[in-house]
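Remember, predicted model here, so these are calculated numbers, not experimental data. Computation of the quantities below employed the complete heavy-atom set of this structure, encompassing side-chain atoms and omitting hydrogens, waters and symmetry-equivalent molecules. Chain A is the first sequence line, chain B the second, and so forth, proteins listed ahead of strands; every chain is numbered from 1.
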Amino acid sequence: MAETSTNPGGSNPERPPHFIEQMIDADNAAGRWGMWPTTTTPRVHTRFPPEPNGYLHIGHAKSICLNFGLAKKYAGKFNLRFDDTNPAKEEQEYVDSIKRDVKWLGGEFDDGPNAGGVFFASDYFDQMYEFAKELILKGKAYVCELSAEEVAKRRGSPTVPATSPYRDRPIDESMRLFREMKLGRFPNGSKTLRAKIDLASPNFNLRDPVMYRILHEAHHNTGDKWCLYPMYDWAHGLEDSLEGITHSICTLEFENHRPLYDWFMNAINEGRTPDGSGPWGRIVHHSQQIEFAKLQLTYTVLSKRNLLRMVNEGLVRGWDDPRMPTISALRRRGFPASAIRDFADEVGCTKTESVIDIGRLENAVRHTLNKTAPRAMGVLRPLKVTIENWPEGKTDELDFVVNPEDASAGTRKVSFGREIYIEQDDFMENPPKKFFRLAPGQEVRLRWAYFITCTGVEKDAAGNVVGVRATYDPATRGGDAPLGPDGKPTKKVKGTIHWVGAHNAIEAEVRLFDRLFAAEAPGERTGKWEDDLNKHSLEVVRAKLDPALAAAKPGETYQFERLGYFTADPDGAAGSPVFCRTITLKDTWAKEAGREANG
RNA sequence: UGGGGAUUGGUGUAACGGUAGCACGACUGACUCUGACUCAGUUAGUCUAGGUUCAAAUCCUAGAUCCCCAGCCA
């Protein structure tokens with residue numbers, strides 16, 4: 001399916017620049033990061049640095065769109081970098097899914113003008129180790145032999161300093177122990193390398209943070225080469241430095257870490273010179289950390305930990321269950337990547353923590369799909385209508401407009417006959433005033449077909465409506481009333497309803513999704529998000545569909561007219577599709593009817 | 001009881017001492033062979049209290065509320 005977007009790069013030129021763009025504009029004006037080689041284009045190099053310990057979700061999408069969007073806007077580069085410094089939590093499966101999801105969203109990391117490449121923190125372990133030894137030599141790091149429990153005990157309080165008896169150990173002793181740590185001579189947790197900063201700092205991140213811990217554990221990338229793994233704070237700035245990242249964008253909770261980020265880079269650069277003269281060599285690149293507020297959504301839980309629990313506890317059918325907020329689930333459900341990009345751009349980028357109405361995402365999806373999705377008719381809850389004055393066995397092939405928003409999509413044929421199905425909701429035996437659909441004595445238009453008038457109702461023994469009888473008006477073929485002498489239609493009907501022919505409709509499973517959570521802020525009420533799970537988030541129906549839909553391939557999205565957008569699911573087989581409801585159409589009638597019912 | 005951030009209509013977001021604007025929602029209406037889409041209109045806001053200024057969302061002072069921080073997680 002062709003994808004269009006009002007802003008394909010995820011960056012709308014009409015929109016005023018957000019605070020990060022303003023910073024970049026200022027940096028560029030000041031020449032802060034220099035130019036790309038042989039150009040006069042100021043260097044802007046961003047990265048998306050996920051830890052491969054889970055599937056990416058819509059919150060990550062915001063970050064990907066932000067970082068890639070900046071690289072694109074400023075004709076710079078964008079890296080995908082796996083922050084794989086903790087072998088205990090990371091897996092190849094997640095690496096694969098993250099690559100797939102970033103690429104699908106439009107983050108070009110290995111192909112295209114803004115592709116900077118794909119990298120792994122673990123690729124830099126050797127260089128990080130060398131930098132660490134340099135800090136030891138400079139007297140800025142030491143090997144500490146306190147256990148984790150002891151460190152916690154000695155952490156102090158905001159006003160009471162921490163302590164460590166190993167802080168003033170001689171440089172050569174730390175160096176020897178650090179080398180032996182690498183050689184695997186010590187068990188897990190027995191020693192750490194700590195930065196010597198300030199045990200009394202009100203910012204706990206500066207109270208001699210751990211740079212390396214001993215972890216005898218195989219790594220998905222480096223195997224069993226290492227038993228010494230760097231901590232995030234030590235590693236991250238080095239990764240950015242080695243890749244020449246200019247703007248290292250992260251979320252708000254890392255604001256307290258920025259002084260440490262800068263301390264590490266300054267410690268490395270102390271004694272280094274621009275031309276490399278002197279004992280420590282050339283100054284290394286020091287990028288700018290910038291924090292922004294991560295995405296939060298109503299009716300949604302967004303944290304890898306909790307999403308992992310939903311998967312493991314069987315609350316959903318997997319990471320790509322279409323009710324999940326993961327990228328792979330949204331893709332399966334039929335949300336177009338361009339709609340997610342538009343959404344990310346619309347919600348903006350600030351340091352204010354805000355909660356976005358999930359309806360904004362849904363609207364972005366409707367907006368995109370309205371222009372791209374071919375239309376079809378399908379009946380979710382069928383009610384049979386018999387056209388009494390239509391000859392038995394006769395069919396009529398009528399023109400159906402494939403997409404009213406896109407004339408180039410053309411028309412195709414739909415087949416009409418004596419028996420058809422309409423939606424149960426489109427018939428009422430005792431309708432309220434403004435019900436424009438089918439009711440006894442009332443006339444409606446069958447979309448692209450004929451006007452019909454309801455002449456009777458068939459009921460079962462219990463009094464339920466099981467069928468409807470009607471007559472059609474032969475003069476309305478194609479759905480238009482004949483014109484009178486004044487050139488105007490001789491009659492008008494208020495309602496148009498969708499239908500499928502009983503003689504040729506296919507039957508298909510259709511999965512109707514509702515929000516996974518029934519509460520706007522899951523867990524707010526009781527402290528447990530489980531208590532707010534929506535028990536009706538999945539409904540499965542057997543629908544009657546236009547036979548043309550039998551050919552739908554997984555991933556293709558159609559608008560079932562008057563109902564919503566539906567995407568063929570991989571669970572379907574050739575000729576017997578399964579559809580997921582991507583999103584409903586807006587339904588002001590349902591709103592009105594609901595209002596009336598509630599008084 | 002320490003440190004770091006944030007606060008503008010219902011929601012999100014502009015303004016960078018000089019007319020508080022935009023988007024989404026909601027509500028009206030127009031249009032309509034989708035009660036969709038589209039279009040038009042209406043609605044509604046600067047956390048509080050002082051101060052500086054001809055002029056304050058913006059600067060100053062004091063306060064309020066919310067978020068983050070004491071992992072060998074990221």
Side-chain angles (χ1 to χ4, degrees), chain A residues 14-18 22 49-51 53 83-86 88-90 121 144 146-149 151-152 154-160 162 188-194 200-207 209-215 229 231-233 235-236 250-259 291 293 298 304-305 346-357 359-360 363-364 366-367 370-371 375 377 401 404-405 434-437 444-449 451 476 478-481 492-498 559-564 584-593:
Chain A
E14 306 286 304
R15 163 179 64 60
H18 55 65
Q22 291 179 23
E51 181 186 15
N53 68 343
D83 215 346
D84 54 352
T85 56
N86 186 350
K89 293 162 65 179
E90 296 149 9
C144 180
L146 253 19
S147 70
E149 299 72 50
V151 170
R154 292 164 168 267
R155 185 86 51 195
S157 75
T159 49
V160 178
N188 287 357
S190 59
K191 292 180 176 50
T192 57
L193 184 71
R194 295 177 71 177
S201 174
N203 180 348
F204 277 77
N205 295 126
L206 298 178
R207 315 255 269 217
V210 171
M211 296 165 65
Y212 278 96
R213 76 282 216 190
I214 297 172
L215 243 34
Y229 290 94
M231 298 288 290
Y232 167 86
D233 287 305
H236 205 85
C250 62
T251 47
L252 249 27
E253 66 266 32
F254 290 99
E255 215 152 14
N256 292 332
H257 295 241
R258 179 154 31 97
E291 310 85 14
T298 57
K304 281 191 197 168
R305 189 176 146 268
E346 274 169 32
V347 301
C349 175
T350 65
K351 297 189 72 150
T352 309
E353 289 187 62
S354 55
V355 182
I356 308 294
D357 186 339
R360 298 283 295 258
N363 281 336
R366 288 191 185 97
H367 187 77
N370 177 50
K371 294 191 175 58
R375 315 281 126 127
M377 292 194 284
V401 175
E405 303 282 330
K434 286 190 279 184
F435 186 79
F436 304 142
R437 286 110 99 142
V444 293
R445 171 189 293 113
L446 294 175
R447 182 106 159 128
W448 305 121
F451 287 13
T476 57
D480 292 307
K492 279 191 174 177
V493 288
K494 222 23 189 151
T496 299
I497 64 175
H498 60 278
Q559 185 194 106
F560 292 6
E561 292 211 327
R562 303 209 309 132
L563 296 176
T584 59
L585 250 31
K586 273 199 211 160
D587 188 348
T588 51
W589 166 247
K591 195 190 286 184
E592 177 128 357

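- Across all strands, A/Lys191 comes closer than 4.0 Å to no nucleic acid atom at all (heavy-atom distances).
- Base engagement by A/Ser147 is indicated by at least one non-hydrogen atom pair under 4.0 Å involving a base atom.
- Applying the 5.5 angstrom centroid cut-off and the 30 degree plane-angle cut-off, the aromatic ring of A/Phe204 is not stacked upon the base of B/G3.
- Not a single donor-acceptor pair under 3.5 Å links the side chain of A/Lys89 to the backbone N or O of A/Glu51.
- As judged by a 4.0 angstrom heavy-atom cut-off over every strand, A/Arg562 is placed among the base-contacting residues.
- Nucleic acid contact class of A/Gly495 (heavy atoms, under 4.0 Å, all strands): none.
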Problem - Candidate pair A/Lys351 and A/Glu255, rule salt bridge (charged side-chain N to carboxylate O under 4.0 Å, His left out), full reasoning - result: CA-CA 11 Å; A/Lys351 297 189 72 150; A/Glu255 215 152 14; 2.4 Å; yes

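- When heavy atoms are screened at a 4.0 angstrom cut-off, A/Pro49 is found touching no nucleic acid atom at all.
- Using a 4.0 Å heavy-atom criterion, one finds that A/Arg437 contacts the bases of the nucleic acid, with or without backbone contacts as well.
- If you check every strand for non-hydrogen atoms under 4.0 Å, A/Ile356 touches sugar and phosphate atoms only.
- Between A/Gln22 and B/A15 there is a side-chain N or O to OP1 or OP2 distance below 4.0 Å.
- A/Phe435 comes within 4.0 angstrom of a base, heavy atoms only.
- Using a 4.0 Å heavy-atom criterion, one finds that A/Tyr212 contacts no nucleic acid atom at all.
- Within 4.0 Å (heavy atoms only), A/Asn256 reaches at least one base atom of the nucleic acid.
- Both A/Gly359 and A/Phe254 sit near RNA chain B, but only A/Gly359 has its closest nucleotide nearer the 5' end.
- Mapping A/Asn86 and A/Glu346 onto RNA chain B via the closest heavy atom, the residue that lands nearer the 5' end is A/Glu346.
- Pairing for B/G12 is with B/C22, a Watson-Crick or G-U wobble pair whose two hydrogen-bonding atom distances lie under 3.5 Å.
- The side chain of A/Glu561 sits closest to B/U34 out of B/U34, B/G35, B/C72.
- Computed from coordinates, the A/Met211 CE to B/C73 P distance equals 15 Å when rounded to whole Å.
- Nucleic acid contact for A/Asn53: none, since no nucleic acid atom lies under 4.0 Å from a heavy atom of the residue.
- Nucleic acid contact for A/Gly479: base, since at least one base atom lies under 4.0 Å from a heavy atom of the residue.
- Base pairing of B/G50 is made with B/C60, judged by Watson-Crick or G-U wobble geometry with both donor-acceptor distances under 3.5 Å.
- Judged by distance alone with a 3.5 Å cut-off, a donor-acceptor contact links the side chain of A/Arg375 to the base of B/U34.
- Contacts of A/His498 with the nucleic acid, taken as non-hydrogen atoms under 4.0 Å apart, are absent.
- We find that the ring of A/Tyr232 and the base of B/A74 do not stack by the test of centres under 5.5 angstrom and planes tilted less than 30°.
- A sub-4.0 Å separation between OP1 or OP2 of B/G10 and a side-chain N or O of A/Arg360 is absent.
- At the heavy-atom level, A/Lys434 lies under 4.0 Å from base atoms of the strands shown.
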